[in-house]
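A quick note: this is a predicted structure, and the numbers were derived from the prediction, not measured.
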Amino acid sequence: MKNGVIEFRKIILVIGAMILALIIAGAMTRADVYAASYPTATGTVSVSSATVRASYSTSSRSVKVLAKGKQVYISSEKYTSKTSRASQYRWFYVPAYKGYIRSDMVTIKYQTVSAVTTTAVSVRYGPGISFSKSYSFAKGKQVTVVLKAYNTYANRWYKIRYNGRYYYIYSGGLKLGTTSLAAASSTSTTYPKATGTVKVSSATIRSTYSTSSKARKVLSRGKTVYISSEKFTSSTSRASRYRWFYVPAYKGYIRSDMVSVKYQTVSAVTTSGVSVRYGPGIAFKKCYSFAKGKQVTVVLKAYNKYKNRWYKIRYGGRYYYIYSSYLKLGATTGSDSGSTSSNSTVSTTDYGQYLINQGFPSSYVSKLTALHSAHPNWVFKPVKTNLDWYQAVSKMTANSGANTIYTSYAPSYRSTLKGCYNYLTNSYYGKDGSYFVAASTKAVRYYMDPRNWLDETNIFMFEDQSYHSSYQTLALVQKIIQPNTTLYDNADDFVTAGAKYNISPVYLAAKAYSELGTTTYTISGKSITVNGVTYPAYNVYNIGAADSAAGNAAYNGLVYAVSGTTYGRPWNTLTKAIVGGAGYISSNFISNNQNSRYLEHFNVMNGLSYVGTHVYMTAVYAPKSQAYSTANQYKDFDIMGQPFEFYIPVYNNMPSGTYGQPSTSFSKDNNMYLKTLQVKYGSSTYTPVSSSAMNFNTSFSKTVSNSVSSITINATKASTTAATVTGTGTKSLKVGTNVFYVKCTSSSGTYYRNYKITITRSAS
């Protein structure tokens, strides 16, 4: 604690946020990562080092080299041979690194799923009909599925365990997640299909979705084939050359511009609020938003370039795409697809009034209504602070140590008030290490105004931080902390901590990564001696980390980790630090009416006297940074349709408009000071402000003799940028009191300083 503010090292926050932003800007993760009904596995490196590669080939690019004992999450198996089970032909997909590791380099522990055969099936030694058949199972046979497996044609099979050995069954013959035929039959799905008729002189069916792949069959004009799905090879284009149809009869693909298609459709109902896109993937533009319970017509299964399954739908005479998890096939409105929430049933026309009735000021309504239109399943709840907005802002900005900004931000974000800035040398005083300086008043107001953050990304600073196991999965946690391999190895501890304290493990993981980035200093078991006892110390969330005479912030955080017995201390293992630190956050913040990213920084729910105190991260932009990271991870996992709840603070006496963003120009700053101020009269000079030392006074006075009838005021700005000075020049004096003002306005245009000069001319 320092000045009522819990301070932490923030340099890593910026670096970590930049790294994370690059990661989440990449391609969408495969459905392998998050499909809850599918089996998964954990692989432990069994050799001295193992290389994760960009593709399933030893000649492909190296993505990551893993040391012996390293554990990774595995979502599927890939065969590169049509006939051999040898380890060099089997690879495992590792979603965290978007790459493959060869099977002989890891030992596997499977997390299985029960399944039932939906028809009589052949059980084979590998995923394909070229492999020998070992058994035949009748319809209704219960089996244990250990992993998804893809053959050389990218067809999905399931790897099963039977009588202590592993075999393969084609995916179309199994219903996962059930233990009986009755259950399987009651939930079986009828998929849409299509008939394609060749419309060119000849069309080639190829072994894969590429014109350079092997030709399987050449079809003449008018030939009709059965089509089971559509495949996109581009993540952004709908052009025909990037769309292929799968023809099961020939186990191959035909390009979409070579056939005319007639669809045999299936009815479906949305199971959640969903985005409707022009193509199968989040990189395609969104064209509509459907609420939960919307009936649609599905025409075909569609797979994007990452093998995620979407459904192609027909709507308004055109074709669009919806992610498969959000549709219940074979259902119609009023069936077992579920009912809509009360929030989503309010019409857009009436939604604005609904928000006002809930307690939101009118200035919140337009943005929240837009969010509701895009995400009908989201719930927005006003949180009344019972604070006057202007008083709350004044209290928040009064403590410069509670609001810091990284020095990579433009000068207009930085405070130039006394104690924060040397206006003569244009240097800022460090408030939390040398790189974090006091934030300007305008920056604090900008980040504090909730109305600035009511968009699809930043709204997550108000997200309910309770644990939701349905979508806050281990895989999502792993993706957030993937660049920090030490945290990644202990990702399951965040899930354990979340379940124990009812805190979102995604929130905990994002917080840890915001604090640490890729560094490991505080999580490597550094030896710390306290009261004569030496411990390996760990501090994941930098709790208790504050600069002091005894040591830097990170070191002090490690001392805290092993100095007490509360919250599971001493934290002498990484697991204890993750779980125990979560207990600290739960007790000191979640239970202290600071249960969102916004409230962790802006402590506005505990009365005016506490505003500006008990701040988890002094970086004023921390709520926005963490919201950005979380939202983009949710988008990457395509779970934005979940029924998120947002608790948004509301203040009394708020202005009608929002506070604007400080200037992002580095040629503008907030230096509003005069470097020199002189008053010349006759042969004498009065210098109230000199360049030899800073002077924060703004009122000066001087008495001159009656013979002085005029003065000349000269002033120079301290800023090296385009600050302006007015009020200088020659001034006439009357007998008695004369008041003049010199005004210096910062180049940012936000701040100014009036210097009052009182000249008293004596009577004759």
Side-chain angles (χ1 to χ4, degrees), residues 6 8-10 12-13 16 19-20 42 44 69-73 96 465-469 472-528 535-545 553-591 594-595 597 600 616-617 622 626 629-630 633:
I6 301 179
F8 300 85
R9 299 296 288 176
K10 305 300 179 306
I12 297 303
L13 176 63
I19 295 172
L20 192 56
T42 301
T44 303
K70 168 74 174 180
Q71 287 189 331
V72 291
Y73 164 74
Q465 297 304 336
S466 300
Y467 178 40
H468 300 280
S469 60
Q472 293 166 353
T473 62
L474 173 61
L476 181 52
V477 169
Q478 286 176 318
K479 183 142 193 318
I480 290 173
I481 56 179
Q482 172 190 323
N484 190 313
T485 56
T486 303
L487 290 178
Y488 179 85
D489 288 342
N490 289 267
D492 56 339
D493 289 329
F494 290 99
V495 179
T496 299
K500 182 175 181 178
Y501 294 106
N502 192 29
I503 304 175
S504 163
V506 173
Y507 162 79
L508 293 173
K511 185 176 295 297
Y513 189 78
S514 292
E515 287 286 352
L516 303 179
T518 58
T519 66
T520 59
Y521 176 82
T522 63
I523 55 174
S524 59
K526 182 177 177 62
S527 296
I528 300 293
Y535 304 88
Y538 299 82
N539 196 330
V540 175
Y541 311 104
N542 276 338
I543 296 169
Y555 177 84
N556 289 338
L558 291 176
V559 171
Y560 174 87
V562 295
S563 293
T565 58
T566 55
Y567 312 113
R569 290 183 293 167
W571 296 336
N572 52 9
T573 69
L574 190 51
T575 295
K576 287 184 177 181
I578 293 172
V579 178
Y584 174 94
I585 294 169
S586 174
S587 177
N588 287 273
F589 288 90
I590 302 297
S591 299
Q594 293 179 269
N595 55 342
R597 297 172 178 87
E600 275 189 351
Y616 185 86
M617 278 181 154
Q626 292 184 47
S629 300
T630 300
Q633 296 297 349

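Using a 4.5 Å heavy-atom cutoff, the side chains of Y467 and V506 are not in contact. Using a 4.5 Å heavy-atom threshold, the side chains of L558 and Y538 count as separate. Residues T42 and V72 have side chains not in contact (no heavy-atom distance under 4.5 Å, counting atoms from C-beta outward). Proximity of V477 to F494: side-chain heavy atoms (C-beta onward) are separated by under 4.5 Å at one or more points. The shortest distance between side-chain heavy atoms of I578 and W571 does not fall below 4.5 Å. Residues Q626 and M617 have side chains in contact (heavy-atom distance under 4.5 Å, counting atoms from C-beta outward). A 4.5 Å side-chain heavy-atom check between Y541 and I585 finds at least one atom pair inside the cut-off.
Shortest non-hydrogen contact noted between V579 and K500 is CG1-CD, 4.1 Å. The nearest pair of heavy atoms linking A512 to V540 is CB-CG1, 3.4 Å. Annotation for A582 and L508: closest pair CB-CD1, 3.8 Å, computed over non-hydrogen atoms. The shortest heavy-atom contact between T630 and A510 is OG1-CB, 4.1 Å. Between I503 and S586, the closest heavy-atom pair is CD1-CB, 3.7 Å. The two residues I528 and A537 have their closest heavy-atom pair at CG1-CB, 3.7 Å.
Rounding to the nearest 0.5 Å places OG1 of T520 at 9.5 Å from CG of L487. Atoms OG and OH, on S466 and Y507 in that order, are 11.0 Å from each other to the nearest 0.5 Å. With rounding to the nearest 0.5 angstrom, the OH atom of Y535 is 11.0 Å from the CZ atom of R569. Within the model, atoms OG1 of T518 and CD1 of I481 stand 13.0 Å from one another, a figure rounded to the nearest 0.5 Å. Residue K479 holds its NZ atom at 14.0 Å from CG of L474, rounded to the nearest 0.5 Å.
K526 is linked by a salt bridge (charged side-chain N to carboxylate O under 4.0 Å, His left out) to nothing, counting only residues two or more places apart in sequence or in another chain. By the side-chain contact (heavy atoms from CB on, under 4.5 Å) test, S587 is found to be paired with Y567, residues two or more places apart in sequence or in another chain being considered.
Of the N and O atoms on the side chains of E515 and N542, at least one donor lies less than 3.5 Å from an acceptor on the other residue. Between Q472 and S504, the side chains place a donor N or O and an acceptor N or O closer than 3.5 Å (distance only, hydrogens not considered).
Side chain of N539 to backbone of A561: no donor-acceptor contact under 3.5 angstrom is found. Counting only distance, with no hydrogens or angles, the side chain of S591 and the backbone of N588 share no donor-acceptor pair below 3.5 Å.
Ring-plane geometry between Y584 and Y560 is classed as perpendicular, the angle between the planes exceeding 60 degrees on a 0 to 90 degree scale with a lower cut at 30.
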Side chain to side chain contact (heavy atoms under 4.5 Å, CB included) between Y488 and K70, worked out: CA-CA 10 Å; Y488 179 85; K70 168 74 174 180; 3.3 Å; yes

Start with the C-alpha distance between Q465 and N502, add both sets of side-chain angles, then the distance that settles side chain to side chain contact (heavy atoms under 4.5 Å, CB included), and finish with yes or no. CA-CA 8 Å; Q465 297 304 336; N502 192 29; over 6 Å; no

Run D493 and L574 through side chain to side chain contact (heavy atoms under 4.5 Å, CB included) and show every step you take. CA-CA 9 Å; D493 289 329; L574 190 51; 5.7 Å; no

The test is side chain to side chain contact (heavy atoms under 4.5 Å, CB included); show your working for T522 and Y555 and say whether it passes. CA-CA 8 Å; T522 63; Y555 177 84; over 6 Å; no

